[in-house]
Amino acid sequence: MTPKSEDGPPPSDEERFTVLWDAYAGRVFAYTCRHVDHHSAQEVVSETFLVAWRRLDEVPEQALPWLLVVARNTVNNNRRSVRRHDALTEKMRRIEEIAASTPGADVTVTNRTELLEALATLTVAEREALLLTAWDGLTATEAARVAGCSVPAMHVRLFRARRRLSTGLASESDTAIPMNTARPCAAAEHGSTP
């Protein structure tokens with residue numbers, strides 16, 4: 001990685017890192033540009049060299065393959081993050097769409113946005129538990145089967161979700177939220193879609 005001088009002291013971490021950057025930043029950037037757009041590639045290179053700085057003692061003498069593996073892992077992590085974000089955004093869009101298209105919902109809230117924001121604060125498991133019971137009209141036992149968890153775990157999820165919703169909405173509004181498990185639409189009982 002760096003020429004070793006037998007006469008002088010070993011290079012400092014800053015010097016080693018500078019040599020790494022000067023020698024390989026362009027090649028890591030070229031590799032990354034083959035996998036992501038130009039702007040994202042710049043961020044991946046920055047993150048790759050941040051990892052190299054933090055783990056400078058682990059960087060081998062032949063640093064390029066190691067740096068490319070770090071860059072590949074960073075690209076893959078970023079892609080997973082984007083997919084998770086997109087999936088959550090889509091779920092929230094569907095929840096909002098369902099809430100907007102169903103005038104007979106049991107949850108009476110003066111401001112639908114407050115409820116959607118409160119739902120967004122729940123964990124995925126809590127939100128699923130609440131929607132399976134309060135929206136889809138399933139019992140806790142049925143919801144547990146759908147969610148793939150035990151019945152006691154479903155009861156815990158429901159308790160936490162209801163408590164978190166009550167706390168969050170009570171602080172924003174004086175409107176009480178009924179938490180019954182009745183079906184939101186009579187059409188659902190007859191097998192037709194709302």
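Here CZ of Phe49 is found 6.5 Å from CZ of Phe17. Values are rounded to the nearest 0.5 Å. Of the inter-residue distances, the one linking Asp86 atom CG with Arg79 atom CZ reads 13.5 Å to the nearest 0.5 angstrom. Here Thr133 contributes atom OG1 and Leu158 contributes atom CG; the two are 4.5 Å apart, rounded to the nearest 0.5 Å. Rounded to the nearest 0.5 Å, atoms NE2 (His155) and OG (Ser150) are 9.0 Å apart. Atoms OG1 and CG, from Thr48 and Leu68 in turn, are 8.5 Å apart once rounded to the nearest 0.5 Å. Between atom NZ of residue Lys91 and atom CD1 of residue Ile95 there is a gap of 8.5 Å, rounded to the nearest 0.5 Å.
Hydrophobic clustering of Ile, Leu, Val, Met, Phe, Trp and Tyr side chains at less than 4.5 Å, counting indirect connections, unites Leu119 with Leu88. Val36 and Phe29 are not part of a single hydrophobic cluster, where members link through side-chain heavy atoms under 4.5 Å apart. When the side chains of ILVMFWY residues are joined at heavy-atom separations under 4.5 Å, either directly or via intervening members, Trp135 and Leu122 end up in a single hydrophobic cluster. Cluster annotation: Trp21 is not connected to Val44 through the hydrophobic network of ILVMFWY side chains, with a link wherever side-chain heavy atoms come within less than 4.5 Å. Linking Ile, Leu, Val, Met, Phe, Trp and Tyr whenever their side-chain heavy atoms come within less than 4.5 Å puts Val70 and Tyr24 in one cluster.
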Q) Between His35 and Tyr31, does a ring-ring contact (aromatic ring centres under 6.0 Å, His included) hold up when you go through it step by step? A) CA-CA 7 Å; His35 299 281; Tyr31 169 83; 4.6 Å; yes
Q) Could you go step by step and tell me if Val146 and Asp136 meet the side chain to side chain contact (heavy atoms under 4.5 Å, CB included) rule? A) CA-CA 11 Å; Val146 171; Asp136 296 322; over 6 Å; no
Q | Test log, rule side chain to side chain contact (heavy atoms under 4.5 Å, CB included), inputs Glu47 and Asn78 | A | CA-CA 11 Å; Glu47 290 178 40; Asn78 289 347; 4.1 Å; yes
Q.
What verdict does the side chain to side chain contact (heavy atoms under 4.5 Å, CB included) test give for Phe159 and Met154, after you've listed the backbone C-alpha separation in whole Å, the side-chain angles of each residue and the deciding distance to 0.1 Å?
A. CA-CA 9 Å; Phe159 171 80; Met154 179 57 65; over 6 Å; no
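In summary, the side chains of Asp37 and Ser40 do present a donor paired with an acceptor at a separation below 3.5 Å, with no hydrogens or angles considered. Between the side chains of Ser81 and Arg84, at least one donor N or O lies within less than 3.5 Å of an accepting N or O.
A heavy-atom distance below 4.5 Å is not found between the side chains of Val19 and Glu15. Side-chain contact between Val75 and Arg72 is absent, with no heavy-atom pair separated by less than 4.5 Å. At least one side-chain heavy atom of Asp57 sits less than 4.5 Å from a side-chain heavy atom of Arg16. In this structure the side chain of Leu67 never reaches within 4.5 angstrom of the side chain of Val59, judged on heavy atoms.
At least one donor-acceptor pair closer than 3.5 Å links the side chain of Glu142 to the backbone N or O of Thr139. Using a distance-only test at 3.5 Å, with no hydrogens or angles considered, no donor-acceptor pair links the side chain of Glu128 to the main chain of Ala125.
Listed here is the closest heavy atom pair of Thr32 and Ala41: CG2-CA, 3.5 Å. Nearest heavy-atom pair across Val28 and Ala71 is CG1-CB, 4.0 Å.
In the hydrophobic clustering (ILVMFWY side chains linked at under 4.5 Å, chained through shared members), Val156 stands by itself.
At most 12 non-hydrogen atoms from other residues, nucleotides or ligands lie less than 6.0 angstrom from CZ of Arg27.
Here the options are Arg162, Arg163, Arg164, Arg157, the test is side-chain hydrogen bond (donor to acceptor under 3.5 Å, both in side chains), and the partner is Glu126; only Arg164 passes.
Looking at Glu90 and Arg93, a side-chain N of the basic residue comes within less than 4.0 Å of a carboxylate O on the acidic one, giving a salt bridge.
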